[in-house]
Amino acid sequence: MNDADVSKQIQQMVRFIRQEAEEKANEISVSAEEEFNIEKLQLVEADKKKIRQEYERKEKQVEVRKKIEYSMQLNASRIKVLQAQDDVINNMKEAASKDLLNVSSDHHVYRHLLKDLIVQSLLRLKEPSVLLRCRKDDVHLVEHVLDSAAQEYAEKAGVDPPEIIVDNIYLPPAPSHHNSHDPYCSGGVVLASRDGKIVCENTLDARLDVVFRKKLPEIRKQLFGQVAV
């Protein structure tokens, strides 16, 4: 083989190696580009996923805030409605309390009422000797009915008439515009055992409180119905 053949063969080998290198480089370039595109797509999808998750998190936060705000507004509305209902009921009780002041204005009717209240209290206490307390203005009316009240109790209970001692400490007077915040009593009596362990408060104000508490569900039903707020 002469030099020309050797040179020609070397050139062929060089071209072959160069061609093979170029093809390999192209393959590497294509493969690299594919890997780049895949990784880029994964990164994009990962970012999209993060964005979606962040959006969903914030959306849930907004929904939670909306529910909390709605619940707070609903509770506030309920409180306002209940407060308005309580105001109506309290106004009714206040009006009834003012009407009680008229009971003692008719002495004939009020004297009989005092007798009934005393008999009722005696039946509750069932004591042979009791202490009675009333308003100072009612002392003469109470003393007028004491004997008949004691006798009526004795007949109903089947016992001897009890000893009734009118206390010299009086219940508060009727309310006045000048002393609207002072303790007051619209009428009635308070009876107690001599040792003070048993007390029967039978004033008009106490009876109003008892009746009002007992009738409150019925009053609410008649005024406001069964509608839930």
- Are Asp86 and Arg220 close enough, and set up right, to give a salt bridge (charged side-chain N to carboxylate O under 4.0 Å, His left out), and what steps lead you there? CA-CA 9 Å; Asp86 287 342; Arg220 285 188 176 276; 2.6 Å; yes
- Query: Strictly by modelled atom types, are Tyr110 and Asp138 linked by a side-chain donor-acceptor pair under 3.5 Å?
  - Reply: yes
- Message: With a 3.5 Å distance limit and no angle check, can you tell me whether Ser31 reaches the backbone of Glu27 through a side-chain donor-acceptor pair?
- Response: no
- Task: Mind checking the NE2-CG spacing from His107 to Leu113? Nearest 0.5 Å is all I need.
- Result: 12.5 Å
- Do Tyr170 and Leu117 sit in the same hydrophobic cluster, where Ile, Leu, Val, Met, Phe, Trp and Tyr count as joined when their side-chain heavy atoms come under 4.5 Å apart? no
- Task: Please assess His144 against His140 for the test ring-ring contact (aromatic ring centres under 6.0 Å, His included), listing each intermediate value before the final yes or no.
- Result: CA-CA 6 Å; His144 189 273; His140 66 290; 8.9 Å; no
- Do Lys156 and Glu152 sit within salt-bridge range, that is, some charged N less than 4.0 Å from a carboxylate O? yes
- Item | ILVMFWY cluster, Met92 and Phe224 together (side-chain gap under 4.5 Å) | yes
- Item | side chain to side chain contact (heavy atoms under 4.5 Å, CB included) assessment of Cys200 paired with Val190 | CA-CA 6 Å; Cys200 178; Val190 174; over 6 Å; no
- Would you call Asn202 and Leu191 a side-chain contact if the rule is heavy atoms closer than 4.5 Å? no
- Lys/Arg N to Asp/Glu carboxylate O, Arg57 vs Glu54, below 4.0 Å: yes
- Task: Please test Arg135 against Ser104 for side chain to side chain contact (heavy atoms under 4.5 Å, CB included), starting from the C-alpha separation and ending with a verdict.
- Result: CA-CA 11 Å; Arg135 300 187 305 183; Ser104 60; 3.4 Å; yes
- Verify side chain to side chain contact (heavy atoms under 4.5 Å, CB included) between Arg18 and Glu22, making sure each step is shown before the conclusion. CA-CA 6 Å; Arg18 183 177 293 171; Glu22 289 177 354; 3.8 Å; yes
- May I ask you to test the Glu127-Ile198 pair for a side-chain heavy-atom distance under 4.5 Å? yes
- How long is the span from the CG atom in Leu100 to the OG atom in Ser186, to the nearest 0.5 Å? 5.0 Å
- Examine distances only and state if a side-chain atom of Asp167 and a backbone atom of Leu131 form a donor-acceptor pair shorter than 3.5 Å. no
- Query: Would you say the side chains of Gln120 and Arg207 form a donor-acceptor pair under 3.5 Å?
  - Reply: yes
- Message: A side-chain contact here means heavy atoms from C-beta on lying under 4.5 Å apart; do Ile164 and Leu122 qualify?
- Response: yes
- Message: I'd like to know whether Asp209 forms a side chain to side chain contact (heavy atoms under 4.5 Å, CB included) with Lys93, so could you lay out the CA-CA distance, the side-chain angles of the two residues, the decisive distance to 0.1 Å, and finally the verdict.
- Response: CA-CA 9 Å; Asp209 287 338; Lys93 186 179 179 182; 2.7 Å; yes
- Task: Using the rule that two of Ile, Leu, Val, Met, Phe, Trp, Tyr join whenever any of their side-chain heavy atoms come within less than 4.5 Å, decide whether Leu123 and Val145 are in one cluster.
- Result: yes
- Any salt bridge between Glu218 and Lys215, counting N to O under 4.0 Å? yes
- Message: Please check: side-chain N/O of Ser77 versus main-chain N/O of Gln73, any donor-acceptor pairing under 3.5 Å?
- Response: yes
- Task: Look at the side chain of Ser29 and the backbone N and O of Asn26, then say whether any donor-acceptor pair between them is shorter than 3.5 Å.
- Result: no
- Message: Would you say CG of Asp116 has more than 12 non-hydrogen atoms from neighbouring residues, nucleotides or ligands within 6.0 angstrom?
- Response: yes
- Query: Would you say Leu146 and Val189 are hydrophobically clustered, going by side-chain heavy atoms of ILVMFWY under 4.5 Å?
  - Reply: yes
